[in-house]
Number of protein chains: 2
Amino acid sequence: TIVALLEQHFANGSLLKGKKVLVTAGPTREKLDPVRFFSNHSTGKMGYAIAEAAFAFGADVTLISGPTSLPDPHGVKTIRIESAQEMYEEVMNYFHDSDIVIKTAAVADYRPKYVAKDKIKKQPGDYTIVMERTVDILKALGEQKTKQFLVGFAAETNDVERYAKNKLESKNADMIVANNVVQAGAGFGTDTNIVTLFKRDGSKKELPLLPKSEVAKEILLEICRELEAIV
Amino acid sequence: TIVALLEQHFANGSLLKGKKVLVTAGPTREKLDPVRFFSNHSTGKMGYAIAEAAFAFGADVTLISGPTSLPDPHGVKTIRIESAQEMYEEVMNYFHDSDIVIKTAAVADYRPKYVAKDKIKKQPGDYTIVMERTVDILKALGEQKTKQFLVGFAAETNDVERYAKNKLESKNADMIVANNVVQAGAGFGTDTNIVTLFKRDGSKKELPLLPKSEVAKEILLEICRELEAIV
């Protein structure tokens with residue numbers, strides 16, 4: 001059976017042998033001054049699980065990670081960055097050589113337009129921060145891709161399917177892994193996730209509540225099916 | 001000698017026996033929407049080191065901590081909070097019963113005035129975030145203190161002494177521990193620190209580069225000297 005074939009492939013860890021897999025993970029931090037920044041609740045667990053699973057599948061794995069408290073995964077080349085701009089630059093260093101790119105990182109969409117050199121002292125009353133857009137890394141990759149199988153993540157709090165399908169098209173991605181980050185058992189910081197995979201043929205595959213390590217394997221198996229057309 | 005006396009006190013861990021010590025540590029996170037927040041680079045190491053040292057000195061220690069990746073210190077009642085407002089409420093629950101209050105936490109001075117219920121979708125162009133002041137916890141404690149010995153921290157990037165002395169007066173604190181967070185070996189995330197203690201009599205005490213565990217002991221010894229007038 002297909003399952004047995006996959007189990008066998010997985011057992012000997014050859015399913016992604018010879019493939020270069022690029023994974024991004026964690027949040028980014030966008031400085032406002034030397035001590036303050038904008039960030040988000042991503043902990044990097046989903047991306048690290050994918051990097052580990054890809055290594056177990058035999059791939060040559062590079063992980064580009066924002067600030068997390070997780071150790072570098074065994075066998076994975078891990079590069080640490082802080083900001084969206086640094087993430088963009090490191091991803092571009094590895095993109096063209098990659099076969100599969102899986103962007104789990106929760107990269108900031110906006111950053112403070114003006115970064116103060118010294119710590120901003122508090123004053124009475126309100127103040128406003130002007131935010132500017134960061135580079136859209138997934139979009140840039142979708143425009144430049146040649147052989148790469150490009151997977152994006154969509155962490156949403158509402159209208160998950162609509163945003164995911166829109167992202168698949170507008171970013172020229174090959175797959176979007178979507179989750180509702182306010183659903184119990186899914187999203188940031190948890191050890192489990194509930195995701196739906198959206199593909200370019202319009203189909204979707206809903207996965208049940210699973211440990212992130214299992215979600216990682218299912219995503220990689222689905223990518224393998226797409227690449228090899230073994231199903 | 002005084003040092004021998006202190007060593008002896010410290011050795012038997014009785015220097016703060018019977019004292020209730022309240023320590024705050026770590027950053028706070030101020031939500032912009034369900035996934036994004038403002039924060040700062042505090043890792044909680046200095047505060048956790050003080051809580052551990054106070055426990056070793058025989059005190060009854062409560063630690064109120066923002067999000068950190070550090071485990072709860074052994075023997076210390078640890079309460080986890082996220083926002084400046086939650087920090088304020090928990091500190092107030094413990095303040096009146098405390099003998100010594102050491103505020104190492106890097107509590108946000110500002111928070112987004114409007115918190116979005118759903119994740120804010122990105123749009124082309126800039127946008128502005130209106131920030132409002134959070135409650136000034138140190139100031140509130142300075143106004144309400146009775147028996148408490150109140151210690152504040154000043155993490156500055158410039159004009160450290162001026163800001164520290166001003167903070168001592170304006171917050172009615174008994175001691176300000178100041179450091180320049182951009183100095184090598186000091187500040188956020190490091191395992192060492194370089195601090196100066198400013199006291200109400202106008203005197204200051206500069207400590208050399210030390211592990212945060214040693215800085216913690218020196219701060220507590222200085223508090224003991226002030227409380228007991230043993231020097």
Side-chain angles (χ1 to χ4, degrees), chain A residues 27-43 67-71 82 106-114 116-134 136 139 154-160 162-163 166-167 180-182 187-189, chain B residues 27-43 67-71 82 106-114 116-134 136 139 154-160 162-163 166-167 180-182 187-189:
Chain A
T28 64
R29 289 178 175 177
E30 308 302 325
K31 277 181 196 293
L32 176 63
D33 69 18
V35 301
R36 299 180 175 94
F37 56 82
F38 261 102
S39 192
N40 62 65
H41 288 289
S42 173
T43 57
T68 72
S69 55
L70 303 173
E82 285 265 327
V107 177
D109 298 324
Y110 292 93
R111 68 179 165 218
K113 190 163 188 167
Y114 311 102
K117 196 179 128 284
D118 289 329
K119 183 181 172 188
I120 299 167
K121 302 304 295 182
K122 59 190 170 195
Q123 306 286 346
D126 298 348
Y127 88 110
T128 59
I129 300 172
V130 180
M131 304 290 285
E132 66 180 2
R133 286 287 304 275
T134 56
D136 187 331
K139 190 171 186 184
E156 303 296 343
T157 57
N158 54 303
D159 295 326
V160 174
R162 183 164 66 85
Y163 285 126
N166 179 267
K167 197 165 187 172
N180 185 326
V181 292
V182 293
F188 296 139
Chain B
T28 65
R29 289 178 175 176
E30 308 302 324
K31 276 181 196 293
L32 177 62
D33 70 17
V35 301
R36 298 179 176 95
F37 57 81
F38 257 105
S39 193
N40 62 65
H41 287 289
S42 172
T43 57
T68 72
S69 56
L70 303 173
E82 286 266 325
V107 177
D109 298 322
Y110 292 92
R111 67 179 166 218
K113 190 163 188 167
Y114 311 101
K117 197 179 126 284
D118 289 329
K119 183 181 172 188
I120 299 167
K121 303 303 295 181
K122 59 190 169 194
Q123 307 285 346
D126 298 347
Y127 88 111
T128 59
I129 299 173
V130 180
M131 304 292 283
E132 65 181 5
R133 288 286 306 274
T134 57
D136 187 330
K139 190 172 185 181
E156 303 297 342
T157 58
N158 55 301
D159 294 326
V160 174
R162 185 164 65 86
Y163 286 126
N166 179 265
K167 198 166 187 172
N180 186 326
V181 293
V182 294
F188 297 141

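A, B, ... follow the sequence lines: proteins, then strands. Residue 1 opens every chain. The shown structure was predicted, so the numbers you read here are calculated from the model rather than taken from an experiment.
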In this structure, CG of B:D109 is separated from CZ of B:R133 (nearest 0.5 Å) by 6.0 Å
When the 4.5 angstrom heavy-atom criterion is applied to A:F38 and chain B, the contacting part is both
Okay, B:D33 and chain A: the region with an atom under 4.5 Å from a heavy atom over there is neither
Between A:T28 and A:P67 the two heavy atoms that sit nearest each other are CA-CD, 4.5 Å
Under 4.5 Å to a heavy atom of chain B? For A:D118 that would be both
Scored by heavy-atom pairs under 4.5 Å with chain B, the best of A:K117, A:E30, A:K113 is A:K113
Of the listed A:V35, A:T128, A:L32, A:D159, the one with the largest count of heavy-atom pairs under 4.5 Å with chain B is A:V35
OH of B:Y163 to OG1 of B:T157, rounded to nearest 0.5 Å, is 7.5 Å
Ranking B:P124, B:A106, B:S42, B:S39 by heavy-atom pairs under 4.5 Å to chain A gives rank one to B:S39
If you tally heavy-atom pairs under 4.5 Å between each of A:K31, A:K121, A:E156 and chain B, the highest tally belongs to A:K121
Turns out that what part of A:K122 lies under 4.5 Å from chain B's heavy atoms comes down to both
Between B:T68 and B:P27 the two heavy atoms that sit nearest each other are CG2-CD, 4.3 Å
ask   = How are the rings of A:F188 and A:H41 set relative to one another: parallel (under 30°), tilted (30 to 60°) or perpendicular (over 60°)?
value = tilted
Test side chain to side chain contact (heavy atoms under 4.5 Å, CB included) on A:Y110 and B:Q123; report intermediate values, then the result.
CA-CA 10 Å; A:Y110 292 93; B:Q123 307 285 346; 4.0 Å; yes
